[in-house]
Amino acid sequence: MTAAEDPATAEDPMTAVVRPTPESDAELAFEGALRPKTLAEFVGQAKVRAQLQLLLDAARLQNRTPDHILLAGPPGLGKTTLAMIVAEESGRPLRISSGPAIQHAGDLAALLSSLVPGEILFIDEIHRMARSAEEMLYLAMEDFRIDIMVGKGAGATSIPLDLAPFTLIGATTRSGLLPNPLRDRFGFTAHLEFYEAEELERVLDRAAGLLALEIDSAARQEIAGRSRGTPRIANRLLRRVRDYALVHESDGLEAVQAALALYDVDELGLDRLDRAVLSVMLTRFDGGPVGLNTLAVSVGEEAETIESVVEPFLVRIGLLTRTPRGRVATGEAWRHLRIDRRTDGLFGHDL
Ligand SMILES: Nc1ncnc2c1ncn2[C@@H]1O[C@H](COP(=O)(O)OP(=O)(O)OP(=O)(O)O)[C@@H](O)[C@H]1O
């Protein structure tokens, strides 16, 4: 692939590397090419794989549609990939939609009524669906039926409509935002965890093989250690390293370190947004507690991005804690950013 075909290389380094959401056709094509097609190929998440396997085997033995599945976890951990694998392994067609695309109950009614028997419906970001659609979904999930309202006011009537049996797979980065009645209607909730470095090395090994790239184990370890526990980020960093190696005719660990330094990915895998969040907490709020919205405004980012993308990783690596009064940076955060804590007692609380 040349740079001209690859818009991601021309983007701002921060958005190109940091953002977990694909921004371009090239990114989507790249992700698509690397997606595992079967549960056996899917690296890590052993518990979730075993749980899904059982669910699929039971449905197959009883010749019925698999139960509805909720996939919960931060972006880039493999929710869409798992939905595609479920469809593939159960030999069923897959329909893909997303919460933001379902802004009215009518949008959902149109989608549900056009499903063929046994189809799998994947709704990404299901927590962002309209409330009226959510309510329609309760009945659809439970009884494969919806009530369509016709007319308004006193003359309004509801017409019941039977649906073909289907399996709903919902994906969410914020399962806490789903109303209980919706959450309860999923037969199984899979909580995807951040990946261990060794698992990310396997993801990279597989990706390098598919892309016909040579990568030695030191380079693989270095990329894995800076990938925020996230396969999508590991694959993207691999691509940036490949670019660097190509242009500078260097390889191995040296190319990895130079490329990742260029794209502002530090040795813990923190990017500019992570560091901006921590830096604001330390320098303006003496480490916290700071409320989510204050933090979001201070770094010019949406609160949802801070909460679903930045925070889970910072909490996981012990740089941030959540308290009832707000977010608090840990002593490790001060050390990592090499910022000295002010001692004039102006803020005055210890971690
Ligand atoms: N377990 C895995 N093994 C190998 N590759 C993986 C794995 N999980 C994810 N990937 C790769 O990471 C990329 C992102 O995965 P995916 O799109 O499924 O994440 P997601 O959780 O759906 O993200 P989002 O919430 O942003 O939609 C894909 O290209 C896929 O190839």
Side-chain angles (χ1 to χ4, degrees), residues 8 15-53 69-89 94 96-101 120 122-129 169-175 177-178 189-211 213 215 220 223-224 227-240 242 269 302 304-305 307-313:
T15 43
V17 174
V18 174
R19 293 288 177 271
T21 310
E23 309 90 7
S24 66
D25 289 347
E27 290 287 342
L28 284 174
F30 176 70
E31 287 204 344
L34 298 182
R35 269 185 213 289
K37 305 272 183 295
T38 61
L39 275 178
E41 275 181 57
F42 192 85
V43 175
Q45 311 288 348
K47 187 83 183 272
V48 167
R49 274 192 291 131
Q51 291 166 329
L52 283 175
Q53 188 70 64
I69 301 164
L70 181 64
L71 303 171
L77 299 192
K79 298 183 291 297
T80 307
T81 305
L82 280 175
M84 290 177 169
I85 288 176
V86 167
E88 180 77 24
E89 296 238 334
L94 175 69
I96 297 183
S97 186
S98 75
I120 293 187
F122 175 60
I123 304 184
D124 203 1
E125 297 188 81
I126 194 167
H127 60 277
R128 296 178 64 190
M129 199 166 57
I169 304 183
T172 180
T173 50
R174 312 271 308 276
S175 61
L177 286 187
L178 287 187
T189 298
H191 292 279
L192 276 80
E193 307 291 342
F194 285 114
Y195 290 66
E196 298 299 330
E198 173 273 322
E199 294 169 333
L200 290 178
E201 282 185 52
R202 281 194 277 142
V203 169
L204 286 165
D205 201 33
R206 179 176 173 278
L210 290 172
L211 298 171
L213 295 177
I215 176 165
R220 216 170 33 223
I223 300 178
S227 297
R228 304 171 57 105
T230 306
R232 174 179 290 147
I233 295 179
N235 285 340
R236 288 200 183 172
L237 295 183
L238 177 68
R239 198 152 81 134
R240 297 288 81 80
R242 176 208 58 183
E302 284 183 26
E304 176 160 355
T305 306
E307 196 171 25
S308 63
V309 180
V310 176
E311 270 188 6
F313 181 66

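Both counts, for ligands and for their atoms, begin at 1 and track the order of listing.
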Engineer: Which ligand 1 atoms, with their elements, are less than 4.0 angstrom from a heavy-atom of Leu34?
Structural biologist: 31 (O)
Engineer: So, taking the atom named CZ in Arg236 and the one named CG in Leu34, what distance separates them when rounded to the nearest 0.5 Å?
Structural biologist: 11.0 Å
Engineer: Is it true that Arg35 lies under 4.0 Å from ligand 1, counting heavy atoms only?
Structural biologist: yes
Engineer: Looking only at distances, please establish whether an N/O atom of ligand 1 is found under 3.5 Å from an N/O atom of Gly76.
Structural biologist: yes
Engineer: Salt bridge check: are Arg220 and Asp205 linked by an N-O gap of less than 4.0 Å?
Structural biologist: yes
Engineer: Which of the numbered atoms in ligand 1 are under 4.0 angstrom from any heavy atom belonging to Leu77?
Structural biologist: 8 (N), 19 (O), 21 (O)
Engineer: Please indicate whether any nitrogen or oxygen in Gly78 is less than 3.5 Å from any nitrogen or oxygen in ligand 1.
Structural biologist: yes
Engineer: Answer yes or no: does an N/O atom from Thr173 fall short of 3.5 Å to an N/O atom of ligand 1?
Structural biologist: no
Engineer: Would one find an N or O of Arg232, backbone or side chain, under 3.5 Å from an N or O of ligand 1?
Structural biologist: yes
Engineer: Based purely on interatomic distance, does Pro75 place a nitrogen or oxygen under 3.5 Å from a nitrogen or oxygen of ligand 1?
Structural biologist: no
Engineer: Using 0.5 Å steps for rounding, measure from the CG atom of Leu211 to the CZ atom of Arg206.
Structural biologist: 10.0 Å
Engineer: Do you know which two heavy atoms are closest between Leu39 and Gln53, and how far apart they sit?
Structural biologist: CD1-OE1, 3.3 Å
Engineer: Of all the atoms in ligand 1, which lie at a distance below 4.0 Å from a heavy atom belonging to Asp124?
Structural biologist: 27 (O)
Engineer: More than 12 foreign heavy atoms under 6.0 Å from NZ of Lys47: is that the case here?
Structural biologist: no
Engineer: Could you measure the distance from the CD1 atom of Ile223 to the CD1 atom of Ile233? Nearest 0.5 Å is fine.
Structural biologist: 13.0 Å
Engineer: With sequence neighbours left out, write down each residue that passes side chain to side chain contact (heavy atoms under 4.5 Å, CB included) with Ala87, or none if nothing qualifies.
Structural biologist: Leu94, Ile120
Engineer: So if I count the atoms of ligand 1 from 1 in the order they appear, which ones are less than 4.0 Å from some heavy atom of Thr80?
Structural biologist: 17 (O), 18 (O), 20 (P), 22 (O), 27 (O)
Engineer: Quick one: side chain to side chain donor-acceptor pair (under 3.5 Å) partners of Glu193, sequence neighbours excluded?
Structural biologist: none
Engineer: Nearest heavy atom to atom 4 (C) of ligand 1 wins, so pick from Ala171, Pro231, Ser308, Pro36.
Structural biologist: Pro36
Engineer: If you look at every heavy atom in Phe194 and Arg228, which pair is closest and at what distance?
Structural biologist: CD2-O, 3.4 Å
Engineer: Report yes if Glu41 has an N/O atom closer than 3.5 Å to an N/O atom of ligand 1; otherwise report no.
Structural biologist: no
Engineer: Test your reading of the structure: does Gly44 have an N or O sitting under 3.5 Å from an N or O of ligand 1?
Structural biologist: no
